[in-house]
Number of protein chains: 2
Amino acid sequence: MSATIKVLLADDQALVRGALAALLALEPDLEVVAEVGRGDEVVEAARASAADVCLLDIEMPGIDGIAAAAAVRDALPGVRTLVVTTFGRPGYLRRALEAGASGFVVKDTPARQLAEAVRRVHAGLRVVDPSLATESLVDGANPLTEREREVLAVALRGGTVAAVAGVVHLSPGTVRNHLSSAIGKTGTSTRAEAARVAQERGWL
Amino acid sequence: MSATIKVLLADDQALVRGALAALLALEPDLEVVAEVGRGDEVVEAARASAADVCLLDIEMPGIDGIAAAAAVRDALPGVRTLVVTTFGRPGYLRRALEAGASGFVVKDTPARQLAEAVRRVHAGLRVVDPSLATESLVDGANPLTEREREVLAVALRGGTVAAVAGVVHLSPGTVRNHLSSAIGKTGTSTRAEAARVAQERGWL
DNA sequence: CGGTGATCGTGACACCTGTCACGGGCAGGA
DNA sequence: TCCTGCCCGTGACAGGTGTCACGATCACCG
């Protein structure tokens, strides 16, 4: 075991990545051993640098931070992951924990708490934003089915039913049925509203 | 004149704010004298701390970073502003410069260049992301009219024509005409697409 | 002064959407 | 086995949407 906790940083914004590195470098017991800007480079870099904890942003090219957490869990079981994200969407928290993440921190949290969160995760504890944890329970699970999510995700870009049907290889009528169901489940009245609400809740 | 450059940080995400502070603290000639999380606190904090340069994020509660830059220009003419944002939308660059910002940096830029950008801005130079500058020229100005922007901004939330008409206090028919015009100008075929494209280009 | 363009409104038309009812197929649990 | 739930599709209907033509007012500019 090394004396310091080795940290891997994954964030697509170089400026934020560098800034977080500077922040963690202030802590004598932490050491940033790797930085990546894509989700699909996390496992490789974590292995090469023998990282103890991976700090993962969700919004990243390649694969997102949640999928990266799952990949780390499968490939490097001893490595802990801590998801750090901009959006405190309840669905994100649930999916992150299901992907094996040990912690979930929103970017609104004070800077000084980040190092402490890394230490707790490294010690085997779970770190979860308390305000989000309750919200996640209140909000409940994702009521959308697999196809509804898929159709709604494409509809988010704004095309017509025919365009969506072409992308997902379905009949236009089926697409409308899925959209109608999703509209009902989100309590909205148009697909654009439904897509927006679903995204805000982390259902996509 | 002080020996160090006094910097004000404005970003709604506390973690990013603190991280940027740590990053700039590494530079001996820079000093972070104030941190705020809202756009409408910038002028007050800049005055109180006698800041030389204001680092402004665009996405902020209260007023956004561009409006904050304009407020600083009007209230504190000697203070330079540097806009730092997540999205490299050409329209943002143009509007930021019109608001009197001395610099425009995307969060994708390497961390080490930030301090240099602050120094250049403090020296009275303009700092503009080069890749964005050319894109801004190619893209041209915002073709949308004032009312088209307003209607499109409301339509972005996804409601029906009637709902939009109620918000902007217009006739439903007029709203449809404005939307139709905006759809034509964005080269799209639905209002949702038009709103998405307009936002991506910084036209809203 | 006339011309131009943004703004606001109406009316009409073809088309798209959201909803519902109704099939059938397929997996998993009582 | 039946039942339930998800999936996929069709058809029909009312209502919303996008487009166009046509007026009208107002501000600005040559």
Side-chain angles (χ1 to χ4, degrees), chain A residues 91 94-95 98 139-204, chain B residues 91 94-95 98 139-204:
Chain A
R94 209 180 33 72
R95 280 162 54 199
E98 284 172 1
D139 213 344
N142 187 340
L144 299 179
T145 68
E146 176 64 28
R147 279 289 187 271
E148 284 164 2
R149 273 211 309 279
E150 186 182 358
V151 168
L152 207 53
V154 177
L156 189 60
R157 299 207 291 263
T160 68
V161 169
V164 174
V167 173
V168 298
H169 301 296
L170 287 176
S171 156
T174 303
V175 169
R176 281 192 293 157
N177 284 336
H178 283 310
L179 286 176
S180 182
S181 174
I183 288 170
K185 287 177 179 175
T186 51
T188 55
S189 58
T190 68
R191 85 182 78 172
E193 276 182 308
R196 189 173 52 81
V197 167
Q199 198 180 42
E200 281 174 1
R201 297 185 186 169
W203 289 352
L204 301 184
Chain B
R94 208 180 33 71
R95 280 163 53 199
E98 284 172 1
D139 214 344
N142 187 342
L144 297 180
T145 209
E146 175 64 27
R147 280 288 186 269
E148 284 164 1
R149 273 212 309 281
E150 186 182 359
V151 169
L152 208 53
V154 177
L156 189 61
R157 299 206 290 263
T160 69
V161 169
V164 174
V167 173
V168 298
H169 301 295
L170 286 177
S171 155
T174 303
V175 169
R176 281 193 293 159
N177 284 336
H178 284 310
L179 285 176
S180 183
S181 173
I183 287 170
K185 288 178 180 176
T186 51
T188 56
S189 58
T190 68
R191 88 184 74 174
E193 274 182 308
R196 189 174 53 80
V197 168
Q199 197 180 42
E200 280 173 1
R201 297 185 186 168
W203 289 352
L204 300 185

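Note on naming: letters A, B, ... go to the chains in the order of the sequence lines (proteins, then strands), and numbering restarts at 1 for each one. Computed over heavy atoms, backbone and side chain alike; hydrogens, waters and symmetry mates excluded. This structure is a prediction, so every number in the text was calculated from the model and none was measured.
Residue B/Arg191 holds its CZ atom at 11.5 Å from CG of B/Leu156, rounded to the nearest 0.5 Å.
Checked against salt bridge (Lys or Arg N to Asp or Glu O under 4.0 Å), B/Arg95 has no partners two or more places apart in sequence or in another chain. Shown here are the side chain to side chain donor-acceptor pair (under 3.5 Å) partners of B/Ser189, two or more places apart in sequence or in another chain: B/Glu193. Residues satisfying the salt bridge (Lys or Arg N to Asp or Glu O under 4.0 Å) test with A/Arg147, not counting sequence neighbours, are A/Glu150. With sequence neighbours excluded, no residue satisfies side chain to side chain donor-acceptor pair (under 3.5 Å) with A/Gln199.
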Would you give me the side-chain donor-acceptor pairs under 3.5 Å for residues 163-175 of chain A, sequence neighbours excluded?
{"unit_1": "A/Ser171", "atom_1": "OG", "unit_2": "A/Gly173", "atom_2": "N", "d": "3.2"}

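The separation between B/Leu144 atom CG and C/dG5 atom P is 17 Å, rounded to whole Å.
Residues A/Thr190 and B/Gly158 come closest through the heavy atom pair OG1-O, 2.6 Å. What you find for B/Leu152 and B/Ala182 is that their closest heavy atoms are CD2-CB, 4.1 Å.
Nucleotides of DNA chain D that come within less than 4.0 Å of any heavy atom of chain B span, from the 5' end to the 3' end, D/dT17 to D/dC20.
If you check residues 169-177 of chain B against DNA chain C, the residues with a heavy atom closer than 4.0 Å are B/Leu170, B/Ser171, B/Gly173, B/Thr174, B/Arg176, B/Asn177, listed by number. The stretch residues 153-166 of chain A has no heavy atom under 4.0 Å from DNA chain D, so no residue of it qualifies as close. Against DNA chain D, the stretch residues 179-198 of chain A makes no heavy-atom approach under 4.0 Å.
Axis deviation across the helix from C/dC1-D/dG30 to C/dA30-D/dT1 amounts to 30°, comparing end segments of five pairs, rounded to 10 degrees.
Pairs engaging residues 176-188 of chain A under the side-chain hydrogen bond (donor to acceptor under 3.5 Å, both in side chains) rule: A/Glu148-A/Ser181, A/Glu148-A/Lys185, A/Thr186-A/Thr188 [sequence neighbours left out]. Residue pairs satisfying the salt bridge (Lys or Arg N to Asp or Glu O under 4.0 Å) criterion with at least one member in residues 153-175 of chain B, sequence neighbours excluded, are absent.
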